[in-house]
Amino acid sequence: MWRTLPFVLFISSPIYAVPVVPNFTQGSSTSRTETTTNITETIRTTNYNSGYTYSVTGSGVSHDGSTISAPNATVTETVNGTTYTWTGLDLGEKPNWTLTNQGDAFQFTEVYTPAGLQSVSDVTRTIQSESVTDTTTIFSQ
């Protein structure tokens, strides 16, 4: 019996909690986030004429060949390191035109617009943006 008595006294003792009291009444917290973004982009625009045109009009003239057109030829252009290939005319092989009757009135127009590059535009731009976020937290008891 004496052995169990101390345990009974210990178990029956009351236990008290200590209250937690914050030691502040109010406060605030501030944070700042700054972000800078740089974007550089290059835009290339290429305009081209994909086919050639060749026309001959007139009166009082004749040609020395069986056709009024020159044979096709491959045309190659390199611009800013880029090579472009087109089909054009071999103007060294086009027919010769002469007056039908010397001294008579005549009219003659020959127009050749080759296929090829019309323009290349390179635009490089840099976009810079900055973002600032301020956050303030206020707390009180």
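Residue indices begin at 1 and follow the sequence shown.
Residues D134 and T136 form no side-chain contact, since every pair of their non-hydrogen atoms from C-beta on lies 4.5 Å or further apart. Taking 4.5 Å as the limit, every side-chain heavy atom of T109 sits out of range of all side-chain heavy atoms of V56. Using a 4.5 Å heavy-atom cutoff, the side chains of P71 and L89 are not in contact. Put simply, the side chain of T74 reaches to within 4.5 Å of the side chain of T85, judged on heavy atoms. Contact check for L99 versus N101: no side-chain heavy atoms found under the 4.5 Å cut-off. Within the 4.5 Å cutoff, the side chain of Y84 has no heavy atoms near those of the V75 side chain. Under the 4.5 Å side-chain criterion, counting only non-hydrogen atoms from C-beta, T57 is not in contact with F108.
The line from CZ of F139 to CD of Q26 is 9.5 Å long, rounded to the nearest 0.5 Å. Between the CD atom of Q118 and the CG atom of N47 there is a distance of 6.5 Å, given to the nearest 0.5 Å. Here OG of S121 is found 10.5 Å from CD1 of I43. Values are rounded to the nearest 0.5 Å. One distance of note links CD1 of I39 with CD1 of I127; it measures 5.5 Å at 0.5 Å rounding.
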- Task: Carefully, step by step, assess V132 and R32 under the rule side-chain contact (heavy atoms from CB on, under 4.5 Å).
- Result: CA-CA 7 Å; V132 177; R32 179 181 201 117; 3.2 Å; yes
- Could you walk me through whether N72 and T87 pass side chain to side chain donor-acceptor pair (under 3.5 Å), step by step? CA-CA 7 Å; N72 286 338; T87 299; over 6 Å; no
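Residue pairs that meet the salt bridge (charged side-chain N to carboxylate O under 4.0 Å, His left out) test with at least one member in residues 41-56, sequence neighbours left out, are E41-R125, R44-D122. Sequence neighbours left out, the pairs with a member in residues 90-99 that pass salt bridge (charged side-chain N to carboxylate O under 4.0 Å, His left out) are K94-E110. Evaluation of the salt bridge (charged side-chain N to carboxylate O under 4.0 Å, His left out) test over residues 96-108, restricted to residues two or more places apart or in two chains, returns none.
Note: H63 and W97 have perpendicular aromatic rings, judged against thresholds of 30 and 60 degrees for the angle between ring planes.
In this structure, D64 contributes its side chain and N96 its backbone to a donor-acceptor pair below 3.5 Å. Between the side chain of E34 and the main chain of S131, no donor-acceptor pair closer than 3.5 Å is present.
More than 12 heavy atoms of other residues, nucleotides or ligands shown are found within 6.0 angstrom of OH on Y52. Environment of OH in Y48: sparse, with no more than 12 heavy atoms of neighbouring residues, nucleotides or ligands closer than 6.0 Å.
F106 and V61 make their closest contact through CD1-CG1, 4.2 Å (heavy atoms, listed as atom of the first residue, atom of the second, distance). Shortest non-hydrogen contact noted between A115 and G51 is CB-C, 3.7 Å.
Looking only at atom types and distance, the side chain of S29 has no donor-acceptor partner in the side chain of T137 under 3.5 Å away.
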